[in-house]
Amino acid sequence: RGRPQQTIMTTEHIRNFCIIAHIDHGKSTLADRFLELTRTVEPRQMRAQLLDAMDLERERGITIKLTPVRMEYAPGSRESGVGGRGADRGDAKAASPTPNTQHPTPNTLNLVDTPGHVDFSYEVSRSLTAVEGAILLVDATQGIQAQTLANLELARAAQLVIIPVVNKIDVPGADVEGTHRELAALLGVPETDVLRVSAKTGAGVPELLDALIHRIPPPRDSSAEPFRGLIFDSIFEAYRGVIVYVRVVSGTLAKQASITFAGSGADATALEVGTLRPQPVPQEVLTAGEIGYVATGVRESTRARVGDTLLRKADRGTVTPVPGYQKPQPNVYVGIYPDSNTSFPELREALERLQLSDASLTAEPEQSPALGQGYRCGFLGLLHVDIVRERLRREFSAETTLTVPSVAYTVALRGRVGAAPNVRVIRSAADFPDPSAIVEIREPWVEVRIVARTVDVGAVYQLLSQRGGSPPHTENLGSHHLALVSELPLREVIADFHDTLKAVTSGYGSFSTRPLGDRPVDLLKVTMLVNHEPVEALSLLVPAAAAEAEGRRVVEKLKNVIPRHLFTIPLQAAVGGKILARETVP
Ligand code: GDP
Ligand code: MG
């Protein structure tokens, strides 16, 4: 008696959703408006793209990490004039909505903000399994783009309710009508289902909040079942060890409960549980349907994997874990080696910690004659490589040297007479086997789907043919856009495909990829000889047809970076004993 002890155990009031869109279409800005309207963040603490908390995200203007945030919102509270159509962000009225506490049961909205760049799609796919609905945002000045399509497919596969929204309607000259029609056609829904907003001015955003409360279903009420928490992200804290972000799939979890990681078998105590608003707010208990965090005290990063299920310790063995995530396949491999003022153990620890918050990064120890002990790391793309190197430097003070990016080649080697060939995977020129033993080499191919303006189609055809792509087939996307689908070696895509596509389409073209498996390639190892000595760290893996041009390109580059000497130094590119190109440093 006395204190109202019971928590609301139903899930009726909960809505879990994410915002998906092509990069720069306004996800983080829309999230800002939600945070303001729901008064989750005090007006004086508000800043643009608030959920992009990493300095790196703010500097580059891109979202790298998914970020969950919980908001309270009572439908109808906007009637008090909050952020109405075209409300100015500096408007005093917009900054002081009626407190939601006046409403008996405000809705709990859990938003997961996600990145848009293709290299961070693993973050998106994890967000999708934590929610029931998705806002599909399309920038009216850009129209539908490749990541719009790719993310839509992911959301459909996750069986989410999708709310189509046209953004940036405030921009003069934006094709709001056209984008609205294209989006309705893409989803196969009536045009009245599509909403219009300006994430910048806030116009249409309250209506969007109401729409998502009405259209997205509450999570299934399973609070009476045993506790299961799907881990969709994690971070490391010096004091409390690994903090996991969970979607409570069933049951409830109270503070101090004994818990276990179903997959890794690590036992722990729920030192603290709580919700993210977006800063952590401790709670007594997390219940089914909620999204929150659990501080576990676990110190070994490797025992708290994203995709694992958190259970009560007593339930281990009897309660089935939630199906985890499919681990992403890395596309690009790069050797990462410590620089002179970073030790190998420091690099190892930095990579292990980074893997906690970047579950798509893989790392295997390797040795290089020139660079010493390091790691062969797998990445989803070159932007991912760049971001990882930068995070190692900023968050762990680890300075590194990186090798040339490579895809993973599968090599079949002659076994003993009568035996089946041995198969080996090689990810750098240093691993290239003796050519006389090679039966066949295969390389990964991808299906590339490019979305481009109709006027740029000629340029895209040309790019695809230069890169050895199959003749594309096309799909219409409304009157101004087209999707072109072609098959390419992944090697061509990781090179500078993104930049070249942007250049030939005046910035409007975008693409997404889907793996197609391995196909044969006539691959050679081109060795660089400096003063007749092979320099292993400079050698390259190149298809036979491109070997001479590549060899020439590298020796010319080397000639320009090696300082003049008192004697001449020959620079040569060779395959086996055959010299393909030669330059001399005077
Ligand atoms: P994200 O990559 O999808 O998270 O996109 P951001 O939220 O970072 O927005 C990308 C850019 O578009 C930023 O410069 C925003 O200020 C701008 N932007 C977003 N929404 C609007 C809008 O409704 N109107 C205008 N004019 N600009 C917007
Ligand atoms: Mg963003």
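Remember, it's 1-based here, ligands and their atoms both numbered in the order they're listed.
- Using the six-membered ring where Trp is involved, Phe511 and His498 have ring planes that are tilted, between 30° and 60° apart.
- Near Lys27, the atoms of ligand 1 lying under 4.0 angstrom from a non-hydrogen atom of the residue are 1 (P), 2 (O), 3 (O), 4 (O), 5 (O), 7 (O).
- In this structure, of Asp170, Asn167, Ile19, Val205, the residue bringing a heavy atom nearest to atom 20 (N) of ligand 1 is Asn167.
- Between Val197 and ligand 1, no pair of N/O atoms sits closer than 3.5 Å.
- Both the backbone and the side chain of Lys200 come within contact range of ligand 1, each with a heavy atom under 4.0 Å.
- Heavy atoms from both the backbone and the side chain of Asp24 come within less than 4.0 Å of ligand 1.
- By heavy-atom distance, the residue among Lys168, Arg33, His22 lying nearest atom 18 (N) of ligand 1 is Lys168.
- Atom OG1 in Thr287 sits 3.5 Å away from atom CD in Glu290 (nearest 0.5 Å).
- In the model, Asn110 has no side-chain atom that pairs as donor or acceptor with a side-chain atom of Thr108 under 3.5 Å.
- Smallest separation of non-hydrogen atoms from Leu488 and Gly469: CD2-CA, 3.0 Å.
- How far OG1 of Thr148 is from NE2 of His22: 6.5 Å, rounded to the nearest 0.5 Å.
- Evaluation of the ring pair (Phe, Tyr, Trp, His ring centres under 6.0 Å) rule for Tyr333 yields no partner, not counting sequence neighbours.
- Residue Ile23 places no N or O, backbone or side chain, under 3.5 Å from any N or O of ligand 1.
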